[in-house]
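Atoms within a ligand are numbered from 1 in the order they appear, just like the ligands themselves.
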Amino acid sequence: MTDITNAPQDRVQIFDTTLRDGEQSPGATMSHDEKMEIAGLLDEMGVDIIEAGFPIASEGDFAAVSDIAKNAKNSVICGLARANFADIDRAWEAVKHAPQGRIHTFIGTSPLHRDITALDQDGMVEKIAATVSHARNLCGDVQWSPMDATRTEHDYLCRVVETAIKCGATTINIPDTVGYTAPRESADLIRMLLERVPGAEKIVFATHCHNDLGMATANALAAVEAGARQIECTINGLGERAGNTALEEVVMAMRVRNDIMPYRTGIDTTKIMHLSRRVSQVSGFAVQYNKAVVGKNAFLHESGIHQDGVLKNVQTFEIMRPEDIGLTAKNIAMGKHSGRAALRAKMAELGYDLGDNQLKDVFVRFKALADRKKEVYDDDLVALMADSSAGDEHLKVQKLRVVCGTEGPQEAELTMSVGGEDKYVDATGDGPVDACFNAVKMLYPHSAKLDLYQVSAVTEGTDAQATVSVRLSRDGTVYTGQSADTDTVLASVKAYVNALNRMHAGQGRANNSALQTSAAG
Ligand code: KIV
Ligand code: ZN
């Protein structure tokens, strides 16, 4: 269990907010089971504190935070609350099940936020005192954040931080809510607070940076150099607008450049790649190819000079080893003669612990893929796991034939089982995917809006698999579907149908980012 109070001076706590600030980014919704899975992986990876959600935001958020709390092993489980008793009580109700729970309460302290809340400086101090004291009466571990701290007047920031500490806050988080600060300023702010606020030496300062100007990682590391000992971050830098500080970046930066940043975390870095892939798959947010640490090209050496250098001495162009982040060699993983045991072992190596039923299902899909594709790479196996189809599906694609030509419109002949009954339709559209989606809609009329359709190739070559993500919304609820296939059109239809199956099963998530953005950035 994390003991923050007695942590050595070089130990930096990692506070992951993928499931709260990350999930708050419009469209990055995750189902209950997905959140449970990601929380389990974060816990296993050694994240000190998991911010599991915003319990008052919806019944779904509450259920996710309490179930994550009930299943926590080593991580502290944290729930977010605005500065009011109802939010705080709800957060406590959810996190109290954890071996160690934390309430994180916040209020916007900059002049802009004081205007919105119609509180003057004194009024806000009173509110902070009342809410932090209330939280502390419920829970021994209370984090308080002055939202938009980097645009709050220094004197006033000192005053509110001092109030929160006096009322029992054990961690003070300094958010750069709009990604406005720069490294030197980020460091100076922490130093100023440590010097000026009475009692500052008794608590942990945290840094929470947004990436609007691309400086979130640098700002977080600068804050640590100045004395912050908790970094708030997300996997893949997921988060509102341009996202948050990326966990993999700060952790690997402190590890690789430990000579100039002599800090330690409790993170098992070999778990990074798997988490990155899973967060990307379940959120539907693809990782950019040239993303630091976890991007597809991060360890790829294409140019002759680079390849030559790396072959002679890998350190010529590589500052970290791929295996340090859990990236296995890009080898031919499996062939069509490989058996179940080999598949189970390979999937375990890639970070997937498959139960018997899941193995059975993945094995069938693996065999089908191996029949079609000459070489099955690790990335192909990872993509197989992206298929979000569930066991008993209301809609199932049985047969699809697409006719394409230089003269439009394109045509799709689709047989799909709807509630167990096979139905057939012939539809046209502006392109093959449009024709197929029209066909699905004719067989299963619905009023959902298509918010996102995204295709990415898994490996190189014309026989590469495509991973497709689809996001639908209806009446404020969002439903996502993913699928992978060597046939891009078929993958698209299956991803669409997977999202519709989720809609049919009521497995959506309220798109409450509007409520959340007004309160927490
Ligand atoms: O960015 C922000 O200010 C936040 C707070 C709720 C900490 O996310
Ligand atoms: Zn934030």
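Residue contact check: Met147 has heavy atoms under 4.0 Å from atoms 3 (O) of ligand 1. For ligand 1, the atoms lying closer than 4.0 Å to a non-hydrogen atom of His104 are 7 (C).
Separation of atoms CZ (Phe106) and OG1 (Thr131) is listed at 11.0 Å; rounding is to 0.5 Å. Between the OG1 atom in Thr109 and the CZ atom in Arg159 there is a gap of 12.0 Å [rounded to 0.5 Å].
The shortest non-hydrogen separation linking Thr245 to Glu232 is CB-O, 3.7 Å.
Taking distance alone, with nitrogen or oxygen atoms compared against 3.5 Å, His210 approaches ligand 1 more closely than that limit. Checking only distances, Asp21 does come within under 3.5 Å of ligand 1, N or O to N or O. Any N or O atom pair closer than 3.5 Å counts here, and His208 shares at least one such pair with ligand 1. Checking only distances, Asn173 never comes within under 3.5 Å of ligand 1, N or O to N or O.
Here the angle centred on the Zn ion (ligand 2), running from NE2 of His208 over to OD2 of Asp21, is 90°, rounded to 10°.
Relative to atom 3 (O) of ligand 1, the option among Thr177, Ile174, Asn244 with the closest non-hydrogen atom is Thr177.
The cationic atom of Arg90 (NZ for Lys, CZ for Arg) does not lie both less than 6.0 Å from the six-membered ring centre of Phe54 and within 45° of the ring axis.
Contact annotation: for Gln24 versus ligand 1, there are no heavy atoms closer than 4.0 Å.
The backbone N or O of Val224 lies less than 3.5 Å from a partner atom in the side chain of Arg229, making a donor-acceptor pair. For Thr117 (side chain) and His113 (main-chain N/O), a donor-acceptor pair under 3.5 Å exists by modelled atom type.
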Q: For ring pair (Phe, Tyr, Trp, His ring centres under 6.0 Å), just list the numbers for Phe15 and His208, CA-CA rounded to whole Å, side-chain angles, deciding distance to a tenth of an Å, and then say yes or no.
A: CA-CA 9 Å; Phe15 176 109; His208 176 112; 7.6 Å; no
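At least one heavy atom of Arg20 sits closer than 4.0 Å to an atom of ligand 1.
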